[in-house]
Amino acid sequence: MLLNRLGTMVEPFLGLYLTTTRGLSLAQAGAVMAVLGAGSLGGQIAGGALADRLGRRATLTLATVGTGAAMLALGYAQGIAAIVVAALVLGLLLDMYRPASQAMVADIISPAERPRAFGLLFWAVNLGWAVAMVLGGTLAQRGFLWLFWIDALTCAAFGLLVWRAVPETRTRDVRARRAAGFRRVLGDRVMVGYVLITLVYTFVLMQGMTTMPLAMKEEGLGPQSYGLAIAANGVLIIIVQPLVNAWLARRDHSLVMVAGFALVGIGYGLTSLASSLAAYTATILVWTLGEIMAASVLQAVVADLAPADLRGRYGGLYGVAWSGGFLLAPLGGTQLLGAGGAAALWLSCAGLALAAAAAQFALAPAIRRRRAAALKTPFSSE
């Protein structure tokens, strides 16, 4: 995962690439990125189904090697039609590996240790992302095609390493059972409620990566200021996550999320008062602490809720909340910013995050019962 994220350079610079190298208008570039996001929604669902049917190893390899090929296709595509088609294919493949990755962790790690395992992956992803941002910005000055090749090669290397070195983790008894598709997943009211709560939380969290630079621009703070401010997010995660991960893993999962969601809401609410680089950085540090808390248990809850034969599909539905939140965040955030200014945007974010915290608190007893049952079930991995 660290290797994969070290090469994640195309997505953050895609808008800039499309409007400069390919000469697309802002509207066209926005449409291409929307197609990419829509493809990601379908990719999460498909990845979940494939992880349960074909297995985790095959799905991981297929998705990541395919992503590498699609990345190069987008890098060499010319003309709006070819770019849109390449973006759609890339979107479908880009996040297809996530449900299989999550299911693999649930297959081999006991319920008691899963929060620590998922927390470690969260740390690795952010470490790789931070390095990729620095390298990507430097390489982009020498030509954007470098970004596509490095991203493609690291994706393919991830898949090939999994195929070569990681055994299949789906157990024999699960392979022998016929899955009932997503109907069983959608029939799990606790899981559906959890996904909806996560969608609201993700919508709020992603504002820092989408509309925040626009709000800072209105305060006279340019891209460089935004880059310095948002860098605090990655630095704090890299430093703090390993220190608190084990402690948070031992706490009640729902209460950890309630506190995390609330802290994210407070951080974004305080952003309504920010007008300087220092103030924005301070508010980012507040909501990043909430992000660290929530991330330590979010995926572990999904693993606790999922039956062994549906872990891929449960992960796929959970992934839809993140892909959907990332897709909706710029659409809703820009509307709020345009209609009521920065204050309306950040106070709305605070309200939504606190509402998610309240909903998670209400769902806590049901999640607690499901986790207790998972801990009592004998666990074995092959």
Side-chain angles (χ1 to χ4, degrees), residues 115 118-119 122-123 126 190-212 215 229-230 232-237 239-241 243-274 279-302 304-305 318 321-322 324-326 328-329 332-333 336 340 342-368 370-371:
F118 284 120
F122 174 72
W123 177 83
N126 280 277
V190 177
M191 179 62 186
V192 171
Y194 184 66
V195 168
L196 292 174
I197 292 168
T198 304
L199 176 63
V200 174
Y201 165 70
T202 306
F203 174 88
V204 174
L205 188 66
M206 289 299 106
Q207 297 303 323
M209 314 298 174
T210 55
T211 53
M212 182 170 285
I230 202 64
N233 171 262
V235 171
L236 191 63
I237 289 172
I239 295 173
V240 173
Q241 178 74 19
L243 301 177
V244 301
N245 191 29
W247 184 81
L248 289 172
R250 296 193 296 269
R251 310 276 81 78
D252 181 88
H253 290 178
S254 287
L255 295 183
V256 169
M257 281 187 288
V258 168
F261 293 172
L263 199 54
V264 168
I266 292 169
Y268 275 109
L270 290 173
T271 310
S272 63
L273 305 175
Y280 273 100
T281 302
T283 62
I284 287 172
L285 291 175
V286 173
W287 60 255
T288 297
L289 289 173
E291 180 188 6
I292 290 170
M293 295 179 69
S296 67
V297 294
L298 273 166
Q299 289 179 293
V301 170
V302 178
D304 288 342
L305 295 178
Y318 171 77
W322 283 89
F326 191 81
L328 294 173
L336 288 168
L345 169 63
W346 303 127
L347 292 177
S348 295
C349 285
L352 287 170
L354 292 175
Q360 186 62 45
F361 185 79
L363 196 63
I367 290 177
R368 207 171 284 126
R370 296 280 285 272
R371 174 162 175 77

>> Please evaluate residues Leu352 and Gln207 with respect to the criterion side chain to side chain contact (heavy atoms under 4.5 Å, CB included), reporting the C-alpha separation (whole Å), side-chain torsions for both, the decisive distance (0.1 Å), and the verdict.
In response: CA-CA 12 Å; Leu352 287 170; Gln207 297 303 323; over 6 Å; no
> Taking it one step at a time, do Trp287 and Leu205 satisfy side chain to side chain contact (heavy atoms under 4.5 Å, CB included)?
Replying inline: CA-CA 8 Å; Trp287 60 255; Leu205 188 66; 3.9 Å; yes
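- Salt bridge status for Arg371 with Asp304: present, with a side-chain N to carboxylate O gap under 4.0 Å.
- Rounded to the nearest 0.5 angstrom, Leu363 CG and Ile197 CD1 are separated by 5.0 Å.
- Between Tyr201 and Ala294, the shortest heavy-atom distance links the atoms OH-CB, 3.7 Å.
- The 12-atom threshold is exceeded at CZ of Phe122, counting heavy atoms of other residues, nucleotides or ligands nearer than 6.0 Å.
- Residues Asn233 and Thr288 bring a donor and an acceptor atom of their side chains to less than 3.5 Å of each other.
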> So Gln241 and Asn126, side chain to side chain contact (heavy atoms under 4.5 Å, CB included) or not? Walk me through it.
Replying inline: CA-CA 10 Å; Gln241 178 74 19; Asn126 280 277; over 6 Å; no
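- Taking all atoms of both residues into account, the shortest heavy-atom contact from Ala353 to Val204 is N-CG2, 4.0 Å.
- Of all heavy-atom pairs spanning Phe203 and Leu328, the tightest one is CE1-O, 3.3 Å.
- A distance-only check finds a donor-acceptor pair linking the side chain of Arg251 to the backbone of Trp247 [under 3.5 Å].
- Rounding to the nearest 0.5 angstrom, the gap separating the CG atom in Leu345 from the OG1 atom in Thr211 is 4.5 Å.
- In this structure, the side chain of Ser272 does not engage the main chain of Tyr268 through any donor-acceptor pair within 3.5 Å.
- In this structure, CG on Asn245 lies 6.5 Å from OG on Ser296, to the nearest 0.5 angstrom.
- Looking at heavy atoms from C-beta onward, Ile239 lies in side-chain contact with Val235 at the 4.5 angstrom threshold.
- Taking 4.5 Å as the limit, some side-chain heavy atom of Met209 sits within range of a side-chain heavy atom of Ile230.
- Counting all heavy atoms, side chain and backbone alike, Val264 lies closest to Glu291 at CG2-N, 3.7 Å.
- When all heavy atoms are compared, the tightest approach of Trp322 to Thr198 is NE1-CG2, 3.6 Å.
- The two residues Pro115 and Ala249 have their closest heavy-atom pair at CB-CB, 3.5 Å.
- Within the 4.5 Å cutoff, no side-chain heavy atoms of Thr283 are placed close to those of Trp346.
- Looking at Ile367 and Gln360, their side chains come closer than 4.5 Å, going by heavy atoms from C-beta outward.
- Taken to the nearest 0.5 Å, the CE atom of Met257 stands 11.0 Å off from the CE atom of Met293.
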> Can you check side chain to side chain contact (heavy atoms under 4.5 Å, CB included) on Val302 and Met191, steps first, answer last?
Replying inline: CA-CA 8 Å; Val302 178; Met191 179 62 186; 4.0 Å; yes
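- Panel note: side chain Gln299, backbone Ala295; no donor-acceptor pair is recorded below 3.5 Å.
- Separation of atoms SG (Cys349) and CG (Leu336) is listed at 7.0 Å; rounding is to 0.5 Å.
- Under the 4.5 Å side-chain criterion, counting only non-hydrogen atoms from C-beta, Val256 is not in contact with Arg250.
- A distance of 9.5 Å separates CG of Leu347 from OG1 of Thr271, quoted to the nearest 0.5 Å.
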